[in-house]
Structure formats: C-alpha cells, structure tokens
Chemist: 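Right, I'll just put the structure down here and ask away after.
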2 protein chains.
Amino acid sequence: MKRDSDGRERRSELAPTISQVAKVCGVSRATVSRAFTRPEMLSEGTVRRVKAVADKLGYVPNQVARALSTGRHGNVGLIVSDVANPFFPPLIRAAQLHADRAGLCVFLGNSDEDPVREELLLGRFIGQVEGLVLASSRLDEAQIRIYAARRPLVLINRDIEGITRVLIDTAPGVAAAIAHLAELGHRHIAYVSGPTTSWSNQQRRNAVRKEAAKRGLKVIAIPARPPSYDTGRLAAAPIVASGVTAAIAFDDLVAQGLLAGLAALDVDVPKSFSVVGCDDVLGETTYPQLTTVSARCADAGDVAVGLLLSQMHGGASSEIRHKLNSHLVVRASTGPAPAKRKSR
Amino acid sequence: MKRDSDGRERRSELAPTISQVAKVCGVSRATVSRAFTRPEMLSEGTVRRVKAVADKLGYVPNQVARALSTGRHGNVGLIVSDVANPFFPPLIRAAQLHADRAGLCVFLGNSDEDPVREELLLGRFIGQVEGLVLASSRLDEAQIRIYAARRPLVLINRDIEGITRVLIDTAPGVAAAIAHLAELGHRHIAYVSGPTTSWSNQQRRNAVRKEAAKRGLKVIAIPARPPSYDTGRLAAAPIVASGVTAAIAFDDLVAQGLLAGLAALDVDVPKSFSVVGCDDVLGETTYPQLTTVSARCADAGDVAVGLLLSQMHGGASSEIRHKLNSHLVVRASTGPAPAKRKSR
DNA sequence: GCTTGACATGCAACCGATTGCATTACATCC
DNA sequence: GGATGTAATGCAATCGGTTGCATGTCAAGC
C-alpha cells in the first residue's frame, strides 16, 4: 500500500499514528489509546505525558480506524426532500447545530423528491452513520421500516407507527387562521392544497375543513401541485373566479405565488382579498407581509436530532411521537372581508 | 467487543462480512474482495458465484473497513457560512448532485459565519473526507493553507493564490446593471454595500465604481451590515435622503429589504426609484420583481465539486482559478429616472 | 512476612476490508 | 518432455485504533 500516492495524505507528512506517539512516550499503544478514551484508567501523570507528546506531534485519533473497531463513527445522516425549499434550510441548520454540540458530523442528502434517489443515498449512508433523520421522506413505509431496523431512525413529518417521529402539528395554527378570517367577516374561503400524499397537506386540509365547518364558513379546494411559487401564482385566477374573499395556502411559497398572481390581476391584498400562508419561512419578506401559520421548522430539526441521540445512546427505543405545535402570526396580508364582493 | 449492544447493529442480525461470504462460497476472503473491486482479475465464473452468494446473504462491503485499508472513503466535506442564506441552498444542491453522480457522500458543515466553528468542523471532517469545498470561508489564509496541504481543497468566492478556487465574477453583470441604469437616465446612484472583508463585496463595489466613473454617474456608498433583509430595509431612509434615484445592492436579500423599506416610505418602485439586486436567488418572488445580477451560484457548487474531483483523482493539482461570469436580468424593479427629483 | 487486592500498564486478538507476493494449474513452445 | 509463461487464487501482513485478559507493583491487612 503506497500511502503517499493514493490520495490519503497527498502532500507532505502522513498524519501521526498512535504507534508513533507510543514510541516517543515509551508506552504501549494501548496506553495511548486509553489516554484519550478512558483517562480514568491511567495514572494522572501518564495521561499528561501522553497528551503532551500527542500535542507536539499533532496526533489526532483516526476516526475511521476507531469506527472500525468500535462500530461508532460519530456520524449521522440527514436526508431532506429539497434543500432549496425554504422550509428546509432552518431545519438543517438547527439539526446541524444540535449534532455539532454532540460532537457528531452530519451527512446531508437531498432526495429531490425522488424516492429512488432517496434510497440510493440511504444505501450509501447506512454503512457510515450511527443514526438517520428523514425529513419529509418520500419512501414507502416498508422501505423505511427496513432501514429503521438497522439503525436508529427519526422521521420528520411522516407518521409511521412504531418509528420515532416528530410531527409539526399545524392544525391549531390553521384553526386559528380560520378563526381569524371568520372574525374579519370572511364567509367563503379557498384552501390552496399541496401534494395529496403529504402528511402535512392532509393535516392542514382537515384542519381547515373542520374549523370552517364549526364556524359555518364555506371552503373550496384549489390545487397547487407541486407546491411552488409558480403553481401558487397560477392558482390566483381560479380562486378569484370562484368568488371567495380569502385563501389559505398549503405553504408560504404557494402563498407568495398567490400574492404575485393576485397583484397581476389587480386584486388588492389585503383590501379586497386576504391570504394566509403556512410554515412562516419567508418571515416578513413578502409584500405585503404575509399572515401565516408559524410551523417551527427549526425546532423540528433540533428535536429530531435530540430524539435520535437518545435513541442512539439510551437504546431505549420506546416509540415516541413528538408533536410540535403552531400558532398564527398575523401580518399584513389579511384584512376585513370586502363589503360588496358578490359570491359569484 | 460486544457488538450487539454498542449501537452498531442494534436490532436483529449483524451485517454479513466478507468472511462469511468466503466461507459459504468456499473461496478465500481475498477472492471475495476482488470479486467486488477487481473482477477482471478473477475468472468469470468465480465472480458470478461470489456475487450470487453475496446477494443472497445481503452482503455489502463495509465502507469503514475499506476506508481504513485504502485511505479512500468516498466522502467529501462542504462547509458554508450560512445554510439559511438563500444564496447557499442552490449551491449545496448542485454540489450534492455532482458528488452523488461520482458516488460520493457529502458532509455538510455550517459555520454560521464563525471562524472558530468553521475550524472545529474542519477538524472533524478532515479525518474522514477525501476532499473539501469551502464556500465563503471566514478562516484566515494561513489556516486554509494548512488544510489545503492535507487534502485536496477548493474554495468558492475566496481568492487565495495557489489554492484552487471558483470565483463568481459579478463584475460584468454589475457593469451591465450600471449601464442599464445610465440608459434609463439615472445620474446619481447608491451602492448598498456588504461585509468589508468579503471578496464578493470588494469586487462588486469596484465594478460599480469603475463603470459609474466611465459613464459619468455619481455613486455614494451606504452600508448594510451584516447583509440581510433588515439592514437592507433600514438603508432605505438614508438612501432616499441622499437624493439618489437608484440603488444597487450587495445581494438580493438586501435589495429585498430595501424594497420593503422604500414601500414603507411610500416611494414607488420603479416609478420614482430603481433597485437592482445581486445573486438572482430570489427569482421572481419579490414585489416588484427584482432586476438583478445573475450569479449562477448553483454552477459554483457544481464546478467546485468537479474541480475537487479532478484534484482528487488526477492529483495534478496545478492551481486553477475558475471564473464564473454573470449577466443582468432585467425585471420590474428598474425604470426610467424620475423627471423632477432634485439632487438633495 | 506473606497474602490479598487495587491500580497501572502491556500483550495480543480483533474490527472488516485490501493487496503484494507466492503458489498452483494449465497450456504453449521448442 | 521439460522449460516457460500466464491466469486464477490463496496467504498473510497491514490499515489505526480498541479492549479482554494477564502481568507486575506496591501498600494494607492479618
């Protein structure tokens, strides 16, 4: 094995190994190893001496070798369905931060909404991670179970019995949004729906229906698929044509598109039409600023990694179904129902 | 070593190893290994037999063990300064995609603009990656050189001699933007500047100055630091007060904030004020839609990984300084200079 | 003074692969 | 028929750590 030419340590010196440190110190390799992993087994003096030498030599334990013998590599995998969707970056950031604090490195995978790609990534990760977080997985349940049997695994926004999962429960926020619209006098509203197979979409749709029924509002559903700025924009026309006075969208991106579509149709928001988003990932950056359901996506990432850690360490993998609640954030895209808009 | 309780294969069966396959096949471990890594060394029949058995047993080569003996683990590290900044997700996505196609896994690190965190991440990654991409690194040059000496390393938007780097050259696009504004009759404009230490900011500022001088425009600089939606919004007041009729912002986020700030001051864009962004990461989602300099950030991620790969394989690490060009995208936030706006 | 035990350290096997070198079996050539 | 070459495979060392068990040392206890 000619280490110098195979890409490992391309230039200059090889990284020092435990053997070199041992030789310089005049102790065995085992002692050096223990100085790092179980210093309480060694005399204080020895630990100090070893660490001093290690420092001077620039020795750092080789993670790969360590992983081979312990089966613990300190890596976790995070797979999301679309890095570019503004919902994910905060989630990724939070997950990352939590993992960092635990001394873990994170592999990031981007499935691009494609189950085949997702499985490919999973296959590559599984061998070198101690745990996995799947956010908005597109895999079918059977697949997920297979991987969950091999490694601690936490799902985000996917509700599979027996597997630890964190669910962003937007129902309360959505209900509050409907209440808000009802109080503003809207009687007839639209739900701009997302992917039919999405857990979040089902949940939101149901919440809208239920609360609207309770308050005697009429709801129609207009699809925006796949959910994006563009499909949101295109939904503006049918929505206006339907005669509703307000709309609540599957997510902020769709809501933002809808705002653009409405502006293009010269519909004034919020004076003659109200729009509510979901997720609160665009902050105050839309115009007008979006009233939306805050979904705490960052927390989801944080909590998921937390659960993963306890599953990895405690091992007590009692099933956990963690719900994150939500609330309505009122900004400038909602207002009183227009006085004389006729219902078609 | 009690493998069953240490988190490696927590439930059910251990993953089969090369030895088991060898035994079942009645061949040596070396042969099994070669069936996967160098099938041309073996007779066709043997390869087939081994693979069949491996399949049946569900054997998958252990990446970690392989990495230990070859020094090749098939991982690369990508560190960005802020996952949540819309500039990065497309870059990450593209980098990811390219790495994927090459069969590599990517570690993602988020430095949160903090050099200390960045170095910590680097320290954790270095032992288990074959190459690194640093996007908008905040590390000082000496540090970067140290890591670059240990592993193939590619920088994005950081210009250090001797280290392969990809630079998004926004100068042409910025120049085009200035030309565009000049043609629209603007004579007095503002540059809303970003971090002084940022390579991108220096480059953009210089491009603005140079082109403006050429066309006889007057430029003032107004800071927005750190660059964000909020600082952009706050910059609106001093900008309006200064009497300029157009502004070009360090990035899209600042521009978007500026739009909001102008709206709040009842300044109509583009009728009485023109705004140009930079990066083109918000697409058409601002209101009004933003005229901006397209920075091809996705390409940067793609190219960086490409260069990294060739550095990893070819080994011929002749220094490369790859420039990505840019162009102006005219949308709705720029218009003719207002007729009678007085210069203070 | 001898046993006992706690503590510090070393020995050597092991994790699961890869790979240089040796070995074996044949076919080819003279 | 013996020398030679080649293709297929095995042996065993190695990568850089970790860890069960053995060993050695020294002080306390009887």
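Every chain is numbered from 1 and lettered A, B, ... according to where its sequence line falls, protein lines coming before strand lines. Just so it is clear, the model here is predicted, and its values are computed rather than measured.
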Chemist: How many Å lie between CZ on B:Arg38 and C1' on C:dC21, as a whole number?
Modeler: 13 Å
Chemist: Write down the distance between CD (B:Glu44) and P (D:dA7), rounded to a whole number of angstrom.
Modeler: 15 Å
Chemist: Just N and O in the side chain of A:Ser28: are any of them under 4.0 Å from OP1 or OP2 of C:dG10?
Modeler: yes
Chemist: Look at the side-chain N and O atoms of A:Arg29 and state whether any lies under 4.0 Å from the OP1 or OP2 oxygen of C:dG10.
Modeler: no
Chemist: In whole angstroms, how far is the C1' atom of C:dA17 from the CD atom of B:Gln20?
Modeler: 13 Å
Chemist: Quick check against the 3.5 Å criterion: does A:Arg158 have a side-chain atom that pairs as donor or acceptor with the backbone of A:Leu139?
Modeler: yes
Chemist: Consider side chain to side chain contact (heavy atoms under 4.5 Å, CB included). Of B:Leu91, B:Asp299, B:Asn157, which one does B:Ile168 pass it with?
Modeler: B:Asn157
Chemist: Does the side chain of B:Ser43 get closer than 4.0 angstrom to OP1 or OP2 of D:dT9 through an N or O atom?
Modeler: yes
Chemist: Want to settle it: does A:Ala30 or A:Glu40 sit nearer the 5' end of DNA chain C, counting the closest nucleotide to each?
Modeler: A:Glu40
Chemist: Whole angstroms only, please: what is the CG-P distance between B:Leu68 and C:dT18?
Modeler: 11 Å
Chemist: Round to the nearest Å and state the distance from B:Arg66 atom CZ to C:dC15 atom P.
Modeler: 19 Å
Chemist: Heavy atoms only, 4.0 Å cut-off, all strands: where does B:Val27 land among base, sugar-phosphate and nothing?
Modeler: sugar-phosphate
Chemist: A:Thr31 side chain N/O closer than 4.0 Å to the phosphate oxygens (OP1, OP2) of C:dG10?
Modeler: yes
Chemist: Record whether the side chain of A:Arg34 comes under 3.5 Å of the base of D:dG17 through a donor-acceptor pair of N or O atoms.
Modeler: no
Chemist: Rounded to the nearest angstrom, tell me the gap between atom CE in A:Met41 and atom P in C:dA6.
Modeler: 15 Å
Chemist: Measure from NZ on A:Lys23 to C1' on C:dG10 and round the result to the nearest Å.
Modeler: 17 Å
Chemist: Measuring to OP1 and OP2 of D:dT9, would you say a side-chain N or O of B:Thr46 lies under 4.0 angstrom away?
Modeler: yes
Chemist: Run the salt-bridge test on B:Arg117 and B:Asp114 with the 4.0 Å N-O cut-off and return the result as yes or no.
Modeler: no
Chemist: Let me spell it out: for each of B:Gly26 and B:Ala65, pick the nucleotide of DNA chain D with the closest heavy atom. Which residue's pick is nearer the 5' end?
Modeler: B:Gly26
Chemist: Between A:Phe125 and A:Tyr147, does the ring centre distance come in under 6.0 Å?
Modeler: no
Chemist: Can you see if the side chain of A:Thr70 gets near the phosphate of D:dG17 - specifically, an N or O under 4.0 Å from OP1 or OP2?
Modeler: no
Chemist: With distance as the sole test, does A:Glu130 use its side chain to make a donor-acceptor pair with the main-chain N or O of A:Val76 at under 3.5 Å?
Modeler: no
Chemist: Rounded to the nearest Å, what distance is computed from the CD1 atom of residue B:Ile18 to the C1' atom of nucleotide D:dC11?
Modeler: 14 Å
Chemist: When you check the phosphate oxygens OP1 and OP2 of D:dT18, does a side-chain N or O of A:Ser33 lie under 4.0 Å from one of them?
Modeler: yes
Chemist: May I ask you to decide if B:Arg138's main-chain N or O and B:Glu118's side chain share a donor-acceptor pair within less than 3.5 Å?
Modeler: yes
Chemist: For B:Thr37, which contact category applies under a 4.0 Å heavy-atom criterion: base, sugar-phosphate, or nothing?
Modeler: sugar-phosphate
Chemist: Assign B:Phe36 to base, sugar-phosphate, or nothing according to its heavy-atom contacts below 4.0 angstrom with the strands shown.
Modeler: nothing
